[in-house]
Trainee: 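Below you'll find the structure I mean.
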Amino acid sequence: MRPAMKRGISETRDATASPHFKKLPREFFNQPAVDLSKALLGKVLARKLPNGEVLRGTIVETEAYPGTSLSNHRKRSARNAAMFMEPGTAYVYFTYGMYHCFNISAQEEGGACLLRAVEPLQDYASMRELRDRPAKKKKTETGSGKKSKKPWKLYELANGPGKLCLAFDIDRGSCDKQDLVTSDLMWLENSDNESFQPGNFEVEESKRVGIDSSPPESRNQLWRFLIVDNLAVSTAKPHQRISETAGADEVRCVISGFELQNQAVLFC
DNA sequence: AGACTGATAATCT
DNA sequence: GATTATCAGTCTG
């Protein structure tokens, strides 16, 4: 069994604290999608709601979608135009007829980073309301047959790409093409939590999730990054959706940070 | 703890 | 008509 103690879950903080000096500048986003995806881990996503409240959470899982021919070789279209805009532009798309995914454009044209999981910082109550609010009206609204929904754990509020969009009230209409450097609606900050400083956590690299239709040379890349031992990472584990051939090469754990001590292979 | 299923709709070609 | 690629619930062992 794994130890119950996990790193990084923090107390809810004062919602009015808005340390603007921590806001990440353009230069942070001006790096290739793979590098940016790693650099995003441990950063804080801030989102101001229509009522003025600011939600915050620490990014704990990302995926890179480089703009190179290696990966998503998709043409520019009206839908994905944000991926071709300034580094640090929010690209939000609608999927499965129900959910949204939140990406941040990177240096190269057409390159972006998908945010897959966020560890909530503030405000638990607001995020829970947003999660409880069904994306669409459920057909079966019968009062009797309902299984009582168990309250979300803190770390379950945004542990997936669709869930984090719900919890942070992110949708295409309000967030697509927002510039994270200049927008008042959403931006990134450095974390003040010691355990989220670069080099203080381990990063696991694995294959991306849900891209079976991509060509092998793209889908076999280890372009999913998550903070090891963080409870708030998404529930799609590397060994799920990756076929029986999964081996040590496909799930490498390295010490990240920027002093990359290349460590032994751990299978997670 | 893992496998499977159904629900859902804008955008693209 | 094809693409997109999540979540909650349910079943199985």
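Naming convention: chains lettered A, B, ... in sequence-line order (proteins, then strands); numbering from 1 in each chain.
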Trainee: Could you tell me the Watson-Crick or G-U partner of C:dG1, where both distances fall under 3.5 Å? Say none if there is no partner.
Mentor: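 Base partner found: B:dC12.
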
Trainee: Could you tell me how far C:dA5 sits from B:dT13 if I compare only their P atoms? Round to whole Å.
Mentor: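 Looking at atom P only, B:dT13 and C:dA5 are 14 Å apart.
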
Trainee: Rounded to whole Å, please give me the gap between NE2 in A:His100 and C1' in C:dC7.
Mentor: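 It is 14 Å, rounded to the nearest whole Å.
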
Trainee: Could you check how far CZ of A:Arg76 sits from P of B:dT13, rounded to whole Å?
Mentor: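 Between P of B:dT13 and CZ of A:Arg76: 14 Å.
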
Trainee: Counting heavy atoms from C-beta on, name the nucleotide in B:dA10, C:dA8, C:dC7 closest to the side chain of A:Trp152.
Mentor: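 My answer, after comparing the listed nucleotides, is C:dA8.
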
Trainee: If you apply the rule side-chain hydrogen bond (donor to acceptor under 3.5 Å, both in side chains), what do you find for A:Ser195 with A:Asn193, and how did you get there?
Mentor: CA-CA 5 Å; A:Ser195 65; A:Asn193 184 328; 2.8 Å; yes

Trainee: Can you tell me the distance, in whole Å, between the CG atom of A:Asn103 and the C1' atom of C:dA5?
Mentor: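 Those two atoms, CG and C1', are 12 Å apart.
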
Trainee: Do any side-chain nitrogens or oxygens of A:Tyr99 fall under 4.0 Å of OP1 or OP2 in B:dA7?
Mentor: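 The answer is no; no side-chain N or O of A:Tyr99 sits under 4.0 Å from OP1 or OP2.
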
Trainee: So how far is it from A:Glu109 CD to A:Arg76 CZ, rounded to the nearest 0.5 Å?
Mentor: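 One finds 6.5 Å between CD of A:Glu109 and CZ of A:Arg76.
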
Trainee: Can you tell me, in whole Å, how much space there is between the C1' of B:dA10 and that of C:dA8?
Mentor: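 Nearest-Å result for B:dA10 against C:dA8 at atom C1': 23 Å.
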
Trainee: Considering only side-chain heavy atoms of A:Val209, which listed nucleotide, C:dT6, C:dA5, B:dC12, is closest?
Mentor: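 Closest of the options to the side chain of A:Val209: C:dT6.
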
Trainee: Suppose you measure atom C1' in B:dA7 against the same atom in C:dT4; what distance do you get, rounded to whole Å?
Mentor: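 B:dA7 and C:dT4 have their C1' atoms separated by 14 Å.
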
Trainee: OP1 or OP2 of C:dT6 sitting under 4.0 Å from any side-chain N/O of A:Arg116?
Mentor: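 For A:Arg116, the contact criterion (side-chain N or O under 4.0 Å from OP1 or OP2 of C:dT6) is met.
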
Trainee: C:dT6 P sits how many Å from A:Glu63 CD, rounded?
Mentor: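 Answer to the nearest Å: 8 Å.
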
Trainee: What's the shortest heavy-atom distance between A:Asn200 and A:Glu194, and which atoms?
Mentor: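 Of all heavy-atom pairs spanning A:Asn200 and A:Glu194, the closest is ND2-O, 2.7 Å.
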
Trainee: Using a cut-off of strictly less than 4.0 Å, decide whether A:Arg131 has a side-chain nitrogen or oxygen near OP1 or OP2 of C:dA8.
Mentor: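 Indeed, a polar side-chain atom of A:Arg131 lies that close.
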
Trainee: Whole angstroms only, please: what is the NZ-C1' distance between A:Lys207 and C:dA5?
Mentor: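 Roughly 17 Å, once rounded to whole Å.
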
Trainee: How long is the span from the CE atom in A:Met85 to the CG atom in A:Asp179, to the nearest 0.5 Å?
Mentor: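 Spacing of CE (A:Met85) from CG (A:Asp179) equals 8.0 Å.
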
Trainee: What is the distance, to the nearest angstrom, from the CZ atom on A:Arg208 to the C1' atom on C:dT6?
Mentor: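 So the two atoms are 17 Å apart, to the nearest Å.
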
Trainee: Distance check: side-chain N/O of A:Thr95 vs OP1/OP2 of C:dT6, anything under 4.0 Å?
Mentor: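 Negative; the distance criterion is not met.
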
Trainee: Between A:Ile59, A:Leu40, A:Val34, which is the residue that forms a side-chain contact (heavy atoms from CB on, under 4.5 Å) with A:Phe225?
Mentor: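 Per the side-chain contact (heavy atoms from CB on, under 4.5 Å) rule, the option paired with A:Phe225 is A:Val34, out of A:Ile59, A:Leu40, A:Val34.
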
Trainee: Provide, to the nearest angstrom, the distance between the CE atom belonging to A:Met98 and the P atom belonging to C:dT6.
Mentor: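 Computing the A:Met98:CE to C:dT6:P distance gives 12 Å.
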
Trainee: Whole Å only: how far is the CG atom of A:Leu114 from the C1' atom of C:dT4?
Mentor: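 In whole Å, C:dT4 C1' and A:Leu114 CG are 13 Å from each other.
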
